[in-house]
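A short write-up of the structure that comes next.
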Amino acid sequence: MDANGYSDPYVKICLKPDMGKKAKCKTQIKKRTLNPEFNEEFGYEIKHSDLAKKTLDISVWDYDIGKSNDYIGGCQLGITAKGERLKHWYECLKNKDKRIERWHTLYNENPVTSD
């Protein structure tokens with residue numbers, strides 16, 4: 001949270017191993033809130049068979065004008081994930097054309113750059 005008691009959060013997602021610019025997406029910044037809702041959808045053009053080898057990196061950032069953005073937390077979904085995150089990934093792979101929504105805890109580890 002910033003000095004004003006709020007945050008200006010946004011979410012970045014990246015499909016790894018990196019596929020270049022088309023692998024990276026980011027939400028709109030939600031101004032002055034500690035309880036943002038990101039009702040945005042992103043899609044990737046990728047063969048289903050290749051998806052099993054990928055990891056979806058999800059990170060939440062606090063946008064700051066004039067200085068580097070602050071990492072809030074994140075999580076990864078993929079073959080190397082554990083627990084509920086791994087279950088979610090397998091369920092997505094198993095149900096190719098179905099939306100599978102889950103809540104995940106953010107961890108304050110492994111930040112990627114805020115670009």
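Following chains of ILVMFWY side-chain contacts shorter than 4.5 Å, one cannot reach W103 starting from I58, and the two form parts of different hydrophobic clusters. Y107 and I72 end up in different hydrophobic clusters when Ile, Leu, Val, Met, Phe, Trp and Tyr side chains are linked at under 4.5 Å.
Note that CD1 of I79 and NZ of K54 are 13.5 Å apart. Values are rounded to the nearest 0.5 Å. The distance from the OG1 atom of T55 to the CG atom of L15 is 8.0 Å, given to the nearest 0.5 Å.
For E101, the side-chain hydrogen bond (donor to acceptor under 3.5 Å, both in side chains) test picks out no residue, with sequence neighbours left out. Partners of D50 according to the salt bridge (charged side-chain N to carboxylate O under 4.0 Å, His left out) rule, which considers only residues two or more places apart in sequence or in another chain, are K53. Under the side-chain hydrogen bond (donor to acceptor under 3.5 Å, both in side chains) criterion, E40 pairs with no residue, sequence neighbours left out.
K24 and C14 get closest at one heavy-atom pair: CG-SG, 3.8 Å. For Y71 against S59, the heavy-atom pair with the smallest separation is CE1-CB, 3.8 Å. Among all heavy-atom pairs drawn from N69 and D64, the shortest one is OD1-N, 2.9 Å. What you find for C25 and F42 is that their closest heavy atoms are CB-CD2, 3.4 Å.
Applying the side-chain hydrogen bond (donor to acceptor under 3.5 Å, both in side chains) definition to pairs two or more places apart or across chains, none involves residues 27-38.
Not one N or O on the side chain of K26 forms a donor-acceptor pair closer than 3.5 Å with the backbone of I13.
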Show the atom names and distances, to 0.1 Å, of all donor-acceptor pairs under 3.5 Å that link a side chain in residues 86-94 to residues at least two apart or in another chain.
{"from": "K87", "atom 1": "NZ", "to": "E84", "atom 2": "OE2", "distance (Å)": "3.1"}
{"from": "H88", "atom 1": "ND1", "to": "H104", "atom 2": "NE2", "distance (Å)": "2.7"}
{"from": "H88", "atom 1": "NE2", "to": "I100", "atom 2": "O", "distance (Å)": "3.0"}
{"from": "E91", "atom 1": "OE1", "to": "R102", "atom 2": "NH2", "distance (Å)": "2.8"}
{"from": "E91", "atom 1": "OE2", "to": "R102", "atom 2": "NH2", "distance (Å)": "3.0"}

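A parallel orientation is assigned to the rings of W61 and Y10, their planes being inclined by less than 30° (bins at 30° and 60°).
Looking at heavy atoms from C-beta onward, Y6 lies out of side-chain contact with D8 at the 4.5 angstrom threshold.
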